[in-house]
Amino acid sequence: MKPEIRLIDKTFSLYLAEDKIMARIAALAKELQQDYLGREVIFLSVLNGAFMFTSDLMKSLDMNLEISFIKLASYQGTKTSGVVRELIGLNKDIKDKHVIIVEDIVDTGTTVDKLMELMESHGAKSIEVCTLLFKESAFAGQKIPKYVGFEIPNKFVVGYGLDYDEAGRNIKELYQLKE
Ligand code: 5GP
C-alpha cells in the first residue's frame, strides 16, 4: 500500500485503506440484509465506477437477490439543449421490485436523480441508493442516498473502481488528489 501514487500528470495521497473499505462494506451489507428481509430485491450497479464496490458488496450479502448493470450514456446533442443522457442495459424487469441503485460516488446528485426518474417510469416498487462515497457538501439533488459508506469532502478521489481519465480503477485503496 503506497502512501502516494502518480496517475498521468497528478499525484494522489492514500485516503482509505482496503481494510477500512471492507469493514464498512460488511456493515452496510448487514444493514441491507435487515432492511430487505423477505423482499424481492434487485441491485442495479451503475457502470463503470461501481464495479468493484458492487462485487465486494454482493459477496458480503447473505440474501436472495438479483443483480443488473446499467450505464448512463451522455453525448452532446445537435441542439443547443446540451448533454442528453439515456439509459443503456436495463434488461431486467424491475416492475414491482425493490430496487437498490449501487453507486461508487454521489457528488452533485444529478446522476441519481436521472436514474430515479427512469426507474420510476419502469414501475419499481421502491427505490433506494447505496453509495460507497457521498460528497455531501457538493450535493444538490432530490434523492438523498440512504446507504452511505463514507461521507467525504469535495475533493477528487481515485481507486477502487473510480478513475482519473480511465486510469486507477484497478487500485484496491482510495486515493485523494494532492493539492
Ligand atoms: P453526480 O454529480 O451526478 O452525483 O456524479 C457524477 C459522476 O461524477 C459520478 O458517478 C462519478 O463518475 C463522477 N465523480 C464525482 N466525483 C468524483 C471523484 O471524486 N472522483 C471520480 N473519479 N469521479 C467522480
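Please read these numbers as outputs of a predicted model, since none were measured by experiment. Whatever order the structure lists them in is the order used to number ligands and atoms, beginning at 1.
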Looking at T110, which atoms of ligand 1 are within less than 4.0 Å of one of its heavy atoms?
3 (O), 4 (O)
Residue list, side chain to side chain contact (heavy atoms under 4.5 Å, CB included) with A138, at least two apart or on another chain:
D107, K135, N154
Given I105, D107, L174, identify the one with the heavy atom nearest to atom 10 (O) of ligand 1.
I105
Hey, is ligand 1 close enough to V157 that some N/O pair sits below 3.5 Å?
yes
Any pair with a residue in residues 1-22 that passes side chain to side chain donor-acceptor pair (under 3.5 Å), sequence neighbours left out, goes on the list, sorted by first then second residue, please.
E4-K178, R6-T11, D9-Y164
Sub-4.0 Å atoms of ligand 1 with respect to non-hydrogen atoms of K155:
19 (O)
CD (Q33) and CG (L65) are apart, to the nearest 0.5 Å, by 9.5 Å
For ligand 1, which atoms, with element, lie under 4.0 Å from some heavy atom of K135?
16 (N), 17 (C), 18 (C), 19 (O)
Would you check whether G109 reaches within less than 4.0 Å of ligand 1, judged by its heavy atoms?
yes
Pick one: which of D104, D56, N170 meets side chain to side chain donor-acceptor pair (under 3.5 Å) with Y160?
D56
Could you tell me which atoms of ligand 1, counted from 1 in the order shown, lie closer than 4.0 angstrom to a heavy atom of T111?
1 (P), 3 (O), 5 (O), 6 (C)
Would you please determine whether V158 falls within less than 4.0 Å of ligand 1 on a heavy-atom basis?
no
Salt bridge flag under 4.0 Å for residues D96 and K125
no
Which heavy atom of C130 sits nearest to which heavy atom of L57, and what is that distance?
SG-CD2, 4.0 Å
